[in-house]
Enquirer: 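Have a look at this one before I ask anything.
Numbers here are sequence positions counted from 1. Values in this document were obtained by computation on a predicted structure and should not be read as measured data.
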Amino acid sequence: MSKYLLNKFLYTVDRDPELVERYREDPSGTVEWWEREQANRILNCADGESSTWLRFDDTERAALAEHDYPKLFELGAHPFLTLTLFIAMFERDYDEPLAFQREYAERLAHFALPYPDIAT
C-alpha cells in the first residue's frame, strides 16, 4: 500500500480539469492509464525523469476505480485531497448548495478518533 501514490493520484488529477472529467466519466480507464503513464513520473522535474516501482495494490485500485472515498480515507488518503477532487466531480449533480459536502461527511461519519494515519 502506498499512501503517497494515492495522494499523488488525487493531487495530479484534481489539478487538471480534463483529467477530472476523464476520471468522472471513465474511472477504471483513468486509473489504469494514470498508473501506467503517470504514477512513476517525478513531479516538477524534467520530462523523462521517472521511477519504476510505484504501483497501486488491488484495494487501492478498486477504491479509486469505484470513487470510494470512504475506503480511500480508510487507506490513509488525505481527506482534503479526496474532498476537493470529489467536489469537482460531483457537486454539480446536487441541487442544493453543500449537499455533496454533507453527503461526504455522512459517509465518513462512522470513523472515530483516532482517524486513519495520513502521513506518507
Enquirer: With distance as the sole test, does K71 use its side chain to make a donor-acceptor pair with the main-chain N or O of T59 at under 3.5 Å?
Expert: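 Not a single qualifying donor-acceptor pair exists.
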Enquirer: Working to the nearest 0.5 angstrom, can you tell me the gap between L6 CG and T82 OG1?
Expert: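 If we round to the nearest 0.5 Å, L6:CG and T82:OG1 are 10.5 Å apart.
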Enquirer: Just checking F73 against H78, ring centres under 6.0 Å apart?
Expert: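 No; H78 has its ring centre 6.0 Å or more from that of F73.
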Enquirer: Can you check whether W34 and F56 have ring centres sitting under 6.0 Å from each other?
Expert: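 They qualify: ring centres under 6.0 Å apart.
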Enquirer: Indicate yes or no: does E32 engage R36 in a salt bridge with an N to O separation below 4.0 Å.
Expert: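 A salt bridge links E32 with R36.
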Enquirer: Within the distance-only criterion (no hydrogens, no angle test), does the side chain of H67 pair as donor or acceptor with the backbone N or O of L64 below 3.5 angstrom?
Expert: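 Answer holds: no.
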Enquirer: Which is it for Y4 and F9 under the side chain to side chain contact (heavy atoms under 4.5 Å, CB included) test, yes or no, and what are the steps along the way?
Expert: CA-CA 9 Å; Y4 167 78; F9 176 88; over 6 Å; no
Enquirer: Nearest 0.5 Å please: distance from the OH atom of Y23 over to the OG1 atom of T12.
Expert: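 Interatomic distance, Y23 OH to T12 OG1, rounded to 0.5 Å: 11.0 Å.
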Enquirer: Classify the ring geometry of F90 against F100: parallel below 30°, tilted from 30° to 60°, perpendicular beyond 60°.
Expert: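 The rings of F90 and F100 sit tilted, inter-plane angle from 30° to 60°.
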Enquirer: Treat each ILVMFWY residue as a node, draw an edge where side-chain heavy atoms are under 4.5 Å apart, and state whether I118 and F80 are in one component.
Expert: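 Different clusters: I118 never reaches F80 through Ile, Leu, Val, Met, Phe, Trp or Tyr contacts under 4.5 Å.
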Enquirer: Donor-acceptor pair, R15 side chain versus Y11 backbone, under 3.5 Å?
Expert: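 Checking the backbone N and O of Y11 against the side chain of R15, a donor-acceptor pair under 3.5 Å is found.
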Enquirer: Is R92 salt-bridged to E21, cutoff N-O under 4.0 Å?
Expert: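 Yes, R92 and E21 are salt-bridged.
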Enquirer: Quick check for you: to the nearest 0.5 Å, what is the distance between L75 atom CG and E60 atom CD?
Expert: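 If we round to the nearest 0.5 Å, L75:CG and E60:CD are 6.0 Å apart.
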Enquirer: For M89, does its backbone N or O pair with a side-chain atom of R24 as donor and acceptor, under 3.5 Å?
Expert: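 Checked: pair present.
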Enquirer: Is D16 salt-bridged to R22, cutoff N-O under 4.0 Å?
Expert: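 Looking at R22 together with D16, the answer is no, because their closest N to O distance does not fall below 4.0 Å.
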Enquirer: What distance do E103 atom CD and E91 atom CD have between them, rounded to the nearest 0.5 Å?
Expert: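 Between E103 CD and E91 CD, I get 12.0 Å after rounding to 0.5 Å.
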Enquirer: If you measure from CD on E96 to CD on Q101, what distance do you get to the nearest 0.5 Å?
Expert: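 It comes to 10.5 Å.
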Enquirer: Could you tell me which non-hydrogen atom of D14 sits nearest to which non-hydrogen atom of A88, and how far apart they are?
Expert: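 Result for this residue pair: OD1-CB, 4.1 Å.
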Enquirer: Quick one: closest heavy-atom pair of A65 and S28, and the distance?
Expert: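 Closest pair (atom of A65, atom of S28, distance): CB-OG, 3.5 Å.
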Enquirer: I would like to know whether R107 and D68 meet side chain to side chain contact (heavy atoms under 4.5 Å, CB included); could you show each step before the answer?
Expert: CA-CA 10 Å; R107 291 191 59 200; D68 188 349; 4.1 Å; yes
Enquirer: How about CD on E37, more than 12 heavy atoms from neighbouring residues, nucleotides or ligands closer than 6.0 Å, or not?
Expert: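 More than 12 heavy atoms, drawn from other residues, nucleotides or ligands, come within 6.0 Å of this atom.
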Enquirer: Indicate yes or no for a side-chain donor-acceptor contact from N7 to the backbone of K3 under 3.5 Å, with no hydrogens or angles considered.
Expert: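 Side chain of N7 to backbone of K3, a donor-acceptor pair under 3.5 Å: yes, one is there.
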Enquirer: Anything under 30° is parallel, anything over 60° is perpendicular, the rest tilted; go ahead and classify Y69 against Y104.
Expert: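 Aromatic pair Y69/Y104 classed parallel.
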Enquirer: Working to the nearest 0.5 angstrom, can you tell me the gap between L5 CG and L54 CG?
Expert: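 CG of L54 is found 5.5 Å from CG of L5.
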Enquirer: Is E35 salt-bridged to R55, cutoff N-O under 4.0 Å?
Expert: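 The answer is no: the pair does not qualify as a salt bridge.
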